[in-house]
Structure formats: C-alpha cells, structure tokens
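In what follows, a structure is listed as structure tokens, so that the remarks can point back to it.
Keep in mind that this is a model prediction, so the values were computed, not measured. In what follows, every heavy atom counts, from backbone to side chain, and hydrogens, waters and symmetry copies are set aside.
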Amino acid sequence: MKRRTKIVVLGSALLLTAGVASAATASDAPRERATASDAPRQREAAALTGSAKLYRSAGDDITFSFDAHLAAEDKADPSKATGTFEFSHYLNGEGARAEVKVDCLLTGGKVAVVSGVVTESDLPGAEGKRVGVTVHDLGRHDRLGYSWASTGSPVDTKELPKCVSSAPFEKVAKGTGDFTVVPWQPEL
C-alpha cells in the first residue's frame, strides 16, 4: 500500500473510532430534561416590518412604518394578526399622522396587505376608521399603496373591510425602504 493511501485509511479509521466512542459516551450520559427554550422556534405565519419615506417630487414628507405579525398558531385566520403601523403626511409644516392597530395581515411572496383601525391621529375624523396598506418588498425599490388612494383621505373611506388596500403604486424614496415581508403559507 502506498504511504498516502495508508495515511488516508488510518485517518478514516481514527475518525470512525472517535465517532463511535463519542456516540457511546453521549448515549451513556444522563439525559437532561428538555425545556421550552430548547424546542425549535416555530416560524410566524406572516409578517410585515420596516419603514420608508415615499418619493414625492413636490417635497411632501410621507412616511410609513410597520410592525405587523400573524402567529404560527393563527395561520388559518389572518384577522388574528397583531401589531401596529403608523403613517404621516406633511407638506410645508401642515399635515397629519396616525397610529393604527392591526386587524388583518395577508402576505404572498414579497407583497403584504395589512389593515387596521386608527387609534390615534391628529387628522379630524380619522380615529375609529379602518385603513389598509399594501407593500411590495423589492429590496432597494420598494413600493406602497393605501386604501384611501382613490378618496384622498382615510376619513372619506366608507366601511372598508379587513385586509383591503390599493395596488402598490407609490415609490419609496431612494435609500429609505427596508420592508420585510414574511410570506403567508396557508394550508389549502
């Protein structure tokens, strides 16, 4: 047998012996109780996180931020989503902002539709209104749409159902989109 072959065979034998010995030692060791923290973490069913400023050539300052989640155990019911999102729109020092409690989250691939009820706002008549937002997570070129695109204001939207919004027609300002969409995978 050549010297190189002998070294490879000897090395393989040593590795095999070490593997058998460590397996025997591990099986002889007393077992510790498994805890909840030892269990593998289950992936959430869907999520939308991140923030961005919309691009507007007139200089409008429009921002959106999201922290919406659908737990794994609620996979079959997107209306059990939790979290919040915020948006604001200012131009020349005038405008409004709103905080929203999430009531639905649907995602597919890199697109998410989230809706919720406005809980706090300085836009008169907005509190208590449901609004929806659509996000398309395209990396550095994210896009966004919102349910009041055709009415002009969340206040003018009548009885919006959960998880309804518009197509993501708005572009985010360069360098501001950091949306992350976790795709929903329902059992069909």
Side-chain angles (χ1 to χ4, degrees), residues 43-71 74 77-186:
R43 174 193 174 286
E44 60 190 335
L48 169 59
T49 57
S51 61
K53 180 177 179 174
L54 296 188
Y55 170 77
R56 287 288 176 90
S57 60
D60 300 48
D61 183 8
I62 305 171
T63 59
F64 285 83
S65 63
F66 303 93
D67 186 20
H69 304 271
L70 181 63
D74 295 325
D77 188 356
S79 68
K80 290 192 176 179
T82 61
T84 59
F85 64 93
E86 298 179 21
F87 59 92
S88 64
H89 185 166
Y90 292 96
L91 179 62
N92 299 324
E94 293 185 25
R97 54 167 287 290
E99 293 180 19
V100 181
K101 182 180 178 192
V102 170
D103 65 8
C104 191
L105 174 65
L106 285 172
T107 63
K110 295 290 190 172
V111 177
V113 178
V114 63
S115 66
V117 175
V118 176
T119 57
E120 186 180 316
S121 179
D122 49 9
L123 177 63
E127 287 184 26
K129 291 281 191 172
R130 179 174 287 115
V131 294
V133 181
T134 305
V135 169
H136 194 178
D137 176 13
L138 294 168
R140 298 182 308 167
H141 305 287
D142 293 340
R143 297 182 73 89
L144 189 138
Y146 35 85
S147 59
W148 60 94
S150 63
T151 63
S153 169
V155 175
D156 298 327
T157 303
K158 307 284 187 233
E159 303 300 318
L160 185 74
K162 291 181 179 182
C163 272
V164 172
S165 185
S166 71
F169 65 96
E170 296 264 21
K171 295 177 184 177
V172 303
K174 187 175 182 179
T176 68
D178 69 349
F179 298 130
T180 301
V181 174
V182 174
W184 184 48
Q185 299 171 338

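For the pair S166 (side chain) and S147 (backbone), a donor-acceptor distance under 3.5 Å is absent. Between the side chain of T176 and the backbone N or O of A52, no donor-acceptor pair lies under 3.5 Å. T119 contributes a side-chain N or O that, together with a main-chain N or O of E99, makes up a donor-acceptor pair within less than 3.5 Å. A donor-acceptor contact shorter than 3.5 Å is absent between the side chain of S121 and the backbone of E127. Put simply, the side chain of S165 never gets that close to the backbone of V113: no donor and acceptor are under 3.5 Å apart.
Atoms NE2 and NE2, from H136 and H141 in turn, are 12.5 Å apart once rounded to the nearest 0.5 Å.
Looking only at side-chain heavy atoms (C-beta outward), V118 and P154 stay at 4.5 Å or farther from each other. Under the 4.5 Å side-chain criterion, counting only non-hydrogen atoms from C-beta, D178 is in contact with S51. Residues V181 and L48 are in side-chain contact: their nearest non-hydrogen atoms beyond the backbone lie under 4.5 Å apart. For the pair L144 and F179, the minimum side-chain heavy-atom distance is below 4.5 Å. When side chains are defined from C-beta on, V131 does not count as touching Y146, because their heavy atoms never get closer than 4.5 Å.
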Start with the C-alpha distance between F87 and F66, add both sets of side-chain angles, then the distance that settles ring-ring contact (aromatic ring centres under 6.0 Å, His included), and finish with yes or no. CA-CA 9 Å; F87 59 92; F66 303 93; 9.2 Å; no
Evaluate the side chain to side chain donor-acceptor pair (under 3.5 Å) criterion for residues D67 and T84: first the C-alpha distance (whole Å), next the side-chain angles of each, then the deciding distance (0.1 Å), finally the verdict. CA-CA 5 Å; D67 186 20; T84 59; 5.2 Å; no
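Salt-bridge formation is detected for the pair R97/E120: a Lys NZ or Arg NE/NH1/NH2 atom is positioned less than 4.0 Å from an Asp or Glu carboxylate oxygen.
For the pairing with R143, the side-chain contact (heavy atoms from CB on, under 4.5 Å) check across L138, D137, T134 returns one residue only, L138. Only one option out of D60, D61, T63 pairs with H89 in a side chain to side chain donor-acceptor pair (under 3.5 Å); it is D60.
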